[in-house]
2 protein chains.
Amino acid sequence: MVQNKNKESNSVTSHDVARVANVSQALVSRAFSGKGRISPETRARILKVAEDIGWHPNALARSVVTGDAPLVAVVTARLNFDWRAQVLSHLLKSIQAWHLKPLLFYAENDDDVDRLLGETMEWRTRGVIVMAGDIRARRAEAIISGGQFLATLNRPANHPDAFSVATDNQQGGAMAASLLVDEGRRKFLVLSGPQNNWASALRTQGFVEAIRSRGESVIIWHNEAMTMEAGKECAAAFHGLRHHERPDAVFATDDALALGFMDGVRGQTGIPADLSLLGFDNLAASSWLPYQLTTFEQPLSEMVGRMVHYINLHQNRPQDAFCSTSPHRIGEDGVVYCLPKIIQRSTTKPTP
Amino acid sequence: MVQNKNKESNSVTSHDVARVANVSQALVSRAFSGKGRISPETRARILKVAEDIGWHPNALARSVVTGDAPLVAVVTARLNFDWRAQVLSHLLKSIQAWHLKPLLFYAENDDDVDRLLGETMEWRTRGVIVMAGDIRARRAEAIISGGQFLATLNRPANHPDAFSVATDNQQGGAMAASLLVDEGRRKFLVLSGPQNNWASALRTQGFVEAIRSRGESVIIWHNEAMTMEAGKECAAAFHGLRHHERPDAVFATDDALALGFMDGVRGQTGIPADLSLLGFDNLAASSWLPYQLTTFEQPLSEMVGRMVHYINLHQNRPQDAFCSTSPHRIGEDGVVYCLPKIIQRSTTKPTP
DNA sequence: CTGAAAGCGCTTACAG
DNA sequence: CTGAAAGCGCTTACAG
């Protein structure tokens, strides 16, 4: 029936192009799709006309017709922190290379994520990539059973047919423990994040278990936020301890805590003279002159590479087998855990 | 004619919902849109059925029908550097609040941008936000004349009906000059970026003009990249100068250069004893203990706020008038230039 | 309150 | 090589 033409945009359609080019509408479709026979001359004419009147094929209509939108949903959260901006860069690059368009869903907080995943469904995307919050099993099932792929970064997908990659935080924690024990350290402290922070909790757990398995004991300081400020407060608390009580080995579950701790003890406690310090994440600043922090690098390219490989597989795209010499393991939860890499700098003693 | 049903996804439609709910397809549409009469009972029944069989309205089809897709295109580039991730966070949050979906276009390099703007057109978005590369006047015209809005951040839009906000880099440079001159400094050096970097070039220009207008002279060192490393190399070059040739006032056109310079001179040249140093951008690290860099903060929230206000206006959304006490000026190019804010820390002498 | 039907802007067999 | 027409999955007056 009578449709309100959008008043603002005098919406040009392929019919308009067809009219001025003196061809059928079907032909302008063929001129742009490259599918179906069309003589080079008419094609050129049509392209010219379209250019002149400023028409571009309507991707929305095309997607409805073909039943396939070249879209992928990306669920993310605050970019001003941590690894997300970095990973997002990698990911957007790959998505672009596939000629897909990323539709972003930005979560204010982790509880938002399930709602966003719901909105995701309306856009009939090829799949969804999740790098924030938790995925409920029901939601995962809805996505997968709709034929979409589901890929998650640094969190479990809670579905057997989804794909999850994560840093092996637990193993990283264990590696940190080994390193500090091998240095001859005896009194261990972990500067940890909130208990419900997946990464931080696993790093802590891996560290603590490894230390305890050697018969040593550890103290854990949980922080509400994993920030420089929190790290500094830990330093103040550290100086509040009597000398003989002070740990000589500190594992911070992320670099921000570690760097803040360093600034907090600067000039009062020598590192690594009085204590060894290990961080996690390898922030850019960790390599800078005043810090030179020994830390773990998350294998981000490796993880993104694996995810990209999985998605290509799902899209039936021809590709080489994924080969990587980087160590990894498959968890009971189906997550591919990639080993973080230790970056030895000056806050631990040089290994002989 | 016969359509190939997508083999993978046994695409559920509103007809399927209608069938099992025993109503017409039109009614399921009404159940979800909230427009048109429908009894609460049938509505509830339909919603239940949809939930059961996992149907969500198809946003693509809806957009085709209504001639209006709740989409906005965002053109950006590498997020692992500078202010972009931060601004993107702000922006995504606002876009989400409007119930619009951001479609991301990621530019590998600035030359990509025009091509991406072209792709943008296919999605019939409400408008496009550009925070990377240059906008050609023809392209801007195509976007605007199609009824879309065009908003650009930290670059001119090259169209009278577009909206551009930017940091007032030139004025920032001039402020830097004033501050150093008022300190009594006499020998000026600017650590600048590539000549074709818009922000860096304007910061440099503002600084140099202000210094020259006072009858003093300046030397400029251009760097290919605005990185810590480049800053360190500048420090080495600085130490290569004879003592009496050494500048006593350094303006780096971004914080990375400044921080690298600080690390390069650390322990050899006192700051601010031997020289004053000013950066630009106020990176998180600039406030950290080993740096305490005096620098300029870009008024990012202010800029995003103005952009959001403009976009709301374009969308005919009711809102309060934009009021801000922050100083700004409208350039001849139509760009709204917002004054950066100086953050005094310890690399300049305290003002009396 | 509900349904039948026209229409959105495209793509794609099919017939010429 | 080209066009007429059916169809994609919806929304929306219109008639009941």
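All values below were derived from every heavy atom in this structure, side-chain atoms included, with hydrogens, water molecules and symmetry-related copies excluded. Computed from a predicted structure; not experimentally measured.
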query: Who are the salt bridge (charged side-chain N to carboxylate O under 4.0 Å, His left out) partners of B/R30, not counting sequence neighbours?
result: none
- prompt: If you take atom types as modelled and just measure distance, does the side chain of B/R30 reach the base of C/dG3 with a donor-acceptor pair under 3.5 Å?
  reply: yes
message: When you measure from the side-chain N and O atoms of A/S11 to the phosphate of C/dG9, is any distance below 4.0 Å, counting only OP1 and OP2?
response: yes
B/S29 vs D/dT12: side-chain N/O to OP1/OP2 distance below 4.0 Å: no
- prompt: How long is the line joining CG of B/N58 and P of D/dT11, in whole Å?
  reply: 9 Å
message: Go nucleotide by nucleotide along DNA chain C from the 5' end; which of A/L27 and B/L27 gets its closest nucleotide reached first?
response: B/L27
- prompt: Is a side-chain donor-acceptor pair under 3.5 Å present for A/Q148 with A/R126?
  reply: no
query: Relative to the 5' end of DNA chain C, which residue comes earlier, B/V64 or B/P40, by the nucleotide with the nearest heavy atom?
result: B/P40
message: Counting only side-chain nitrogens and oxygens, does B/T42 get under 4.0 Å of the OP1 or OP2 atom of C/dT2?
response: yes
task: Taking the six-membered ring for Trp and the single ring otherwise, decide whether the centroids of B/F105 and B/W123 are under 6.0 Å apart.
output: no
Length of the CZ-C1' vector between A/F32 and C/dC10, whole Å: 13 Å
query: So, is B/S14 close to the D/dG9 phosphate, meaning a side-chain N or O under 4.0 Å from OP1 or OP2?
result: no
- line: Taken to the nearest whole Å, CZ/B/R43 to C1'/C/dT2 is 16 Å
field: Non-hydrogen side-chain atoms of B/D161 and B/F149 separated by less than 4.5 Å
entry: no
task: Looking only at side-chain atoms of B/V65, point me to the closest of D/dG9, C/dG3, C/dG9.
output: D/dG9
query: Is there a donor-acceptor contact under 3.5 Å from the side chain of A/R45 to the main chain of A/A21?
result: yes
query: Does D/dA4 have a Watson-Crick or wobble mate here (both distances under 3.5 Å), and if so which one?
result: none
query: OP1, OP2 of C/dC10 versus side-chain N and O of A/R62: anything below 4.0 Å?
result: no
- prompt: B/R19 CZ to C/dT2 P: how many Å, rounded?
  reply: 19 Å
- prompt: For the pair made of CG in B/D16 and P in D/dC8, what is the distance, rounded to whole Å?
  reply: 12 Å
- request: Give a yes/no answer on whether the side chain of B/T13 brings an N or O atom under 4.0 Å of OP1 or OP2 in D/dG9.
  value: no
- prompt: B/S39 side chain N/O closer than 4.0 Å to the phosphate oxygens (OP1, OP2) of C/dT2?
  reply: yes
message: Using OP1 and OP2 only, check whether a side-chain N or O of B/W123 sits under 4.0 Å from C/dG9.
response: no
task: Grab the CG-P distance between B/L60 and D/dC8 for me, whole Å please.
output: 16 Å
query: Under 4.0 Å: is that the gap between some side-chain N or O of B/R37 and OP1 or OP2 of D/dA13?
result: no
Where at least one partner belongs to residues 134-148 of chain A, residue pairs that pass salt bridge (charged side-chain N to carboxylate O under 4.0 Å, His left out), sequence neighbours excluded: A/D114-A/R136, A/D114-A/R139, A/R138-B/E51
- request: Using Watson-Crick or G-U wobble geometry with both distances below 3.5 Å, tell me the partner of C/dA13, or none.
  value: none
- line: Here the distance between atom P of D/dC1 and atom NZ of A/K35, to the nearest Å, is 17 Å
Interatomic distance, A/I38 CD1 vs D/dG3 C1' [rounded to whole Å]: 12 Å
